[in-house]
Amino acid sequence: RLRLDLASALAAARRGDVAQATISVVSARGEVAATDDRVHDAVVSLAEAIIIGGAESRGSAASKLAALGVEMSGWRTLFDLARSNPVVVG
């Protein structure tokens, strides 16, 4: 379900449908909140930072990635391509 929500968010972002992208990211966040999965939490935070934007979400994503000691360059590339214009996170 998490990956479906992320795919939905990416598709909505690609269409320029920010409202649907936000709904899908919030749904993905809900899926992760029910777990202790720090990796998927970071993926969802990165998606939120890139797809939805905002300084707070970018800072949160950067902190989570740093805590894990990972870059998640593949996910970054996917989200950037879906968004069409890259955003710097961290």
Side-chain angles (χ1 to χ4, degrees):
R1 177 75 194 167
L2 172 67
R3 289 200 172 106
L4 178 62
D5 287 333
L6 290 177
S8 176
L10 292 171
R14 190 72 172 176
R15 290 189 313 271
D17 187 347
V18 177
Q20 183 57 54
T22 301
I23 290 167
S24 296
V25 168
V26 168
S27 181
R29 168 85 38 230
E31 293 291 322
V32 169
T35 72
D36 291 327
D37 188 339
R38 293 177 39 206
V39 173
H40 280 111
D41 183 41
V43 170
V44 172
S45 291
L46 183 60
E48 181 176 9
I50 293 173
I51 296 169
I52 312 289
E56 186 176 325
S57 65
R58 287 192 298 273
S60 176
S63 294
K64 289 176 182 185
L65 294 173
L68 292 173
V70 297
E71 289 290 320
M72 294 192 176
S73 58
W75 283 107
R76 285 177 191 260
T77 300
L78 176 67
F79 297 151
D80 281 338
L81 289 171
R83 194 169 178 276
S84 298
N85 53 341
V87 171
V88 175
V89 176

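Side chains are part of it too, since the values below use all heavy atoms of this structure and drop only hydrogens, waters and symmetry mates.
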Hydrophobic cluster membership, V70 vs I50, 4.5 Å side-chain cutoff: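 Hydrophobic grouping puts V70 with I50.
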When clusters are formed by joining ILVMFWY residues with side-chain heavy atoms under 4.5 Å apart, either directly or through shared neighbours, do L68 and V43 land in the same one? yes
Is there a side-chain contact between [X] and [Y] (heavy atoms, below 4.5 Å)?
X   : Y   : result
M72 : V39 : yes
H40 : R3  : yes
S60 : E56 : no

Could you list the residues that satisfy side chain to side chain donor-acceptor pair (under 3.5 Å) with Q20, not counting sequence neighbours? S24
List in chain and number order the residues that pass salt bridge (Lys or Arg N to Asp or Glu O under 4.0 Å) with [X], two or more places apart in sequence or in another chain; answer none if no residue qualifies.
X   : result
D37 : none
D5  : R1
R38 : none

Kindly state each residue pair satisfying ring-ring contact (aromatic ring centres under 6.0 Å, His included) with at least one member in residues 48-78, sequence neighbours excluded. W75-F79
Looking at every heavy atom in both [X] and [Y], which two are closest together, and how far apart are they?
X   : Y   : value
A28 : L6  : CB-CD2, 4.1 Å
A61 : S45 : CB-O, 3.6 Å
L65 : E71 : CD1-O, 4.2 Å

Summary of salt bridge (charged side-chain N to carboxylate O under 4.0 Å, His left out) pairs that have at least one residue in residues 16-29, sequence neighbours excluded: R15-D17, R29-D41, R29-E48
Kindly say whether I23 contributes a backbone atom to a donor-acceptor pair with the side chain of S27 at under 3.5 angstrom?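 No, S27 side chain to I23 backbone: no donor-acceptor pair under 3.5 Å.
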